[in-house]
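The structure appears below as structure tokens.
Predicted model only: the values in this text are computed from it and were never measured. When reading the values below, keep in mind they use all heavy atoms of this one structure, side chains included, and skip hydrogens, waters and symmetry mates.
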Amino acid sequence: MESLYELERYCSGFLNASAFNDYCPNGLQVDAGVTQVCSLVSGVTASQALIDAAVEADADLLLVHHGYFWKGEPPALIGVKGCRVRTLMSHGISLLAYHLPLDAHPILGNNRLLGDLLGFLDVAPIEEGALIWQATLELDLTPDGLGLLLASKLGRKPLQIEAGDRKIRKVGWCTGAAQGAIEQAAAIGLDAFITGEVSEFTVHLARELGIHFFAAGHHATERSGASALGHHLSEKFNIKHQFIDVPNPV
């Protein structure tokens with residue numbers, strides 16, 4: 001058992017959350033009034049399905065990568081968001097969410113863990129504090145080879161945009177919806193860029209910039225961070241933890 005507020009304080013410090021100018025608040029987003037945490041559920045997105053699963057698991061705290069209160073969205077707690085928050089509050093489940101801090105963390109971040117999952121060596125951000133990570137492969141891969149690697153590790157076939165017959169030695173990635181970073185990836189000389197989502201313009205840019213592009217799934221590329229952080233908290237504070245994956249094809 002551990003204090004909810006101590007868990008938030010620890011996570012925010014561990015992830016250096018205050019250093020990020022994010023699209024949403026990082027940290028405790030919903031305080032359901034249960035101040036001692038015995039059971040923690042982690043997941044990618046605080047959807048109704050994940051909340052219902054947390055209720056079934058008798059959780060005191062839900063830890064996610066995608067929480068609520070995004071910039072530009074209506075602030076009123078009505079409709080879908082109202083139902084979600086009402087379910088959390090009525091079952092005494094608080095919500096802890098970390099977005100960019102959980103992408104960027106050097107050990108438990110989504111980017112680091114995706115590189116590890118794919119078996120890349122010497123993974124690192126392209127520069128200090130950057131959200132794009134990179135690695136140099138020991139052997140060249142073809143676009144089909146990298147596509148097969150992604151499919152085998154993530155459990156889904158990526159959308160693959162090839163840019164000529166260029167072999168892949170330097171590969172970069174940024175989990176989630178980072179398709180807009182493709183020009184930066186090309187400018188630093190990467191042969192391929194992996195992210196979660198794709199936009200219409202990305203296809204043309206990949207071909208014209210000469211960089212292979214892979215959209216491997218927003219959800220699929222960001223399953224690891226919340227799970228790893230939940231496991232870390234479980235070991236450090238001796239609380240029960242369960243990662244619950246709610247499948248999402250996007």
Just jot down the salt bridge (Lys or Arg N to Asp or Glu O under 4.0 Å) partners of [X], sequence neighbours excluded, or say none.
X: E6; answer: R9
X: E73; answer: K81
X: D116; answer: R112
X: D191; answer: R166

Those residues that, when tested against [X], pass side-chain hydrogen bond (donor to acceptor under 3.5 Å, both in side chains) (two or more places apart):
X: E235; value: H231
X: R207; value: none
X: H219; value: D245
X: H218; value: H66, E197, E222

Qualifying salt bridge (charged side-chain N to carboxylate O under 4.0 Å, His left out) pairs with a residue from residues 10-23, counting only residues at least two apart or across chains:
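For residues 10-23: none.
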Between F14 and H232, how do the two ring planes meet: parallel, tilted or perpendicular, split at 30° and 60°?
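Geometry flag for H232 against F14: parallel rings.
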For residues 17-49, pull every pair meeting ring pair (Phe, Tyr, Trp, His ring centres under 6.0 Å), keeping only residues two or more places apart or in separate chains.
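Passing the test, one end in residues 17-49: Y23-H99.
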Filter on ring pair (Phe, Tyr, Trp, His ring centres under 6.0 Å), then keep only pairs touching residues 137-158, sequence neighbours left out; what's left?
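Matches after skipping sequence neighbours: none remain.
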Checking T195 side chain against A178 main chain: does a donor-acceptor pair fall under 3.5 Å?
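Present.
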Could you note down all residue pairs passing side-chain hydrogen bond (donor to acceptor under 3.5 Å, both in side chains) where residues 130-142 supplies at least one of them, sequence neighbours left out?
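Output for this query lists D140-R169.
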Under a 4.5 Å side-chain heavy-atom rule over Ile, Leu, Val, Met, Phe, Trp and Tyr, are L113 and L131 clustered together?
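The answer is no; the residues belong to distinct hydrophobic clusters.
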